[in-house]
Amino acid sequence: MDIRVFDSDCEIGKAAAQIIIDCIKTKEKPVLGLATGASPVPTYKCLIDAYNKGEISFKNVTTFNLDEYCGIPASDKNSYYTFMHENLFNHIDISEDNVNIPSGNPENVEEFCSAYDKKIKDAGGIDVQVLGIGRNGHIGFNEPAEKFTKGTYKVSLTESTIEANMIYFDSPDDVPREAVTMGVESILDAKEIILIAEGAAKAQAVHDMIKGAVSPSCPASILQRHNNVHIFLDREAAALL
Ligand code: F6R
């Protein structure tokens, strides 16, 4: 694991964006795996800057998002569809045809999930996957469980995740209880992974991910088994290492 501790979110964003920029510059058809939430926002800002400076184009880039809430439409202000468009896609030259975000409300969940996994494989697999980490060690919305999950599936969110997500919603009752997420195995299939964690609330999960046993009780701990992972932390998130 390439573990680096930075002084600011902005520096983390620059370092993470540089890995993605290198991928976009060197691959003919780069495939990015993207996360929502606070952690990747500075990275997306740096990517938008690089695009505005003419350093990179997203014309040949395909993206797959990790997850989407169930029970709210894609047009909802809190959907991950909206988040990705506001924080990245609306500001770059990516083709909407190349943007893939799981549907949170598919008619047939199983069919949708296996088609999503197939689409990732058909695109050649994910070159660089961006991840955040939950306070409970989740990656994507793979919550602590008895087994590591495989492909994309519908998951019930834990109370800790629902509580962490509350800050974005007007009322606690509006916070979705379920999501469609890529599974742990699909995440591990990525050729290169960047996990970003910021803030003291992540310190225990970061410790368990890096120093703990590889166990589905801390889903992020599986990253110890991947051979090309970057863990980018601020000082607070790294405090227990
Ligand atoms: C988001 C996702 C989640 C978040 C995690 C951290 O697409 O899959 O695993 O990365 O909950 O969220 P933030 O970055 O808001 O602390």
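Counting from 1, the numbers follow the sequence of the chain as shown. Start at 1 and go down the list; that is how both ligands and their atoms are numbered.
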Quiz item: Is the shortest distance from a Lys or Arg side-chain nitrogen in R4 or D2 to a carboxylate oxygen in the other one below 4.0 Å?
Solution: yes

Quiz prompt | Residues in the immediate environment of ligand 1 (any heavy atom closer than 4.0 angstrom) | solution = A35, T36, G37, A38, S39, L66, D67, G132, I133, H138, G140, Y168, K202

Quiz item: Would you call K25 and E55 a salt bridge, taking side-chain N to carboxylate O under 4.0 Å as the test?
Solution: yes

Self-check item: Check ion pair D170-K77 (N to O, under 4.0 angstrom)
Solution: yes

Quiz item: Between N60, L32, T62, V61, which is the residue that forms a side chain to side chain contact (heavy atoms under 4.5 Å, CB included) with N98?
Solution: T62

Quiz item: Applying ring-ring contact (aromatic ring centres under 6.0 Å, His included), which residue pairs with at least one partner in residues 7-54 are found, sequence neighbours left out?
Solution: none

Quiz item: So, do F89 and F58 have ring centers that fall under 6.0 Å from each other?
Solution: no

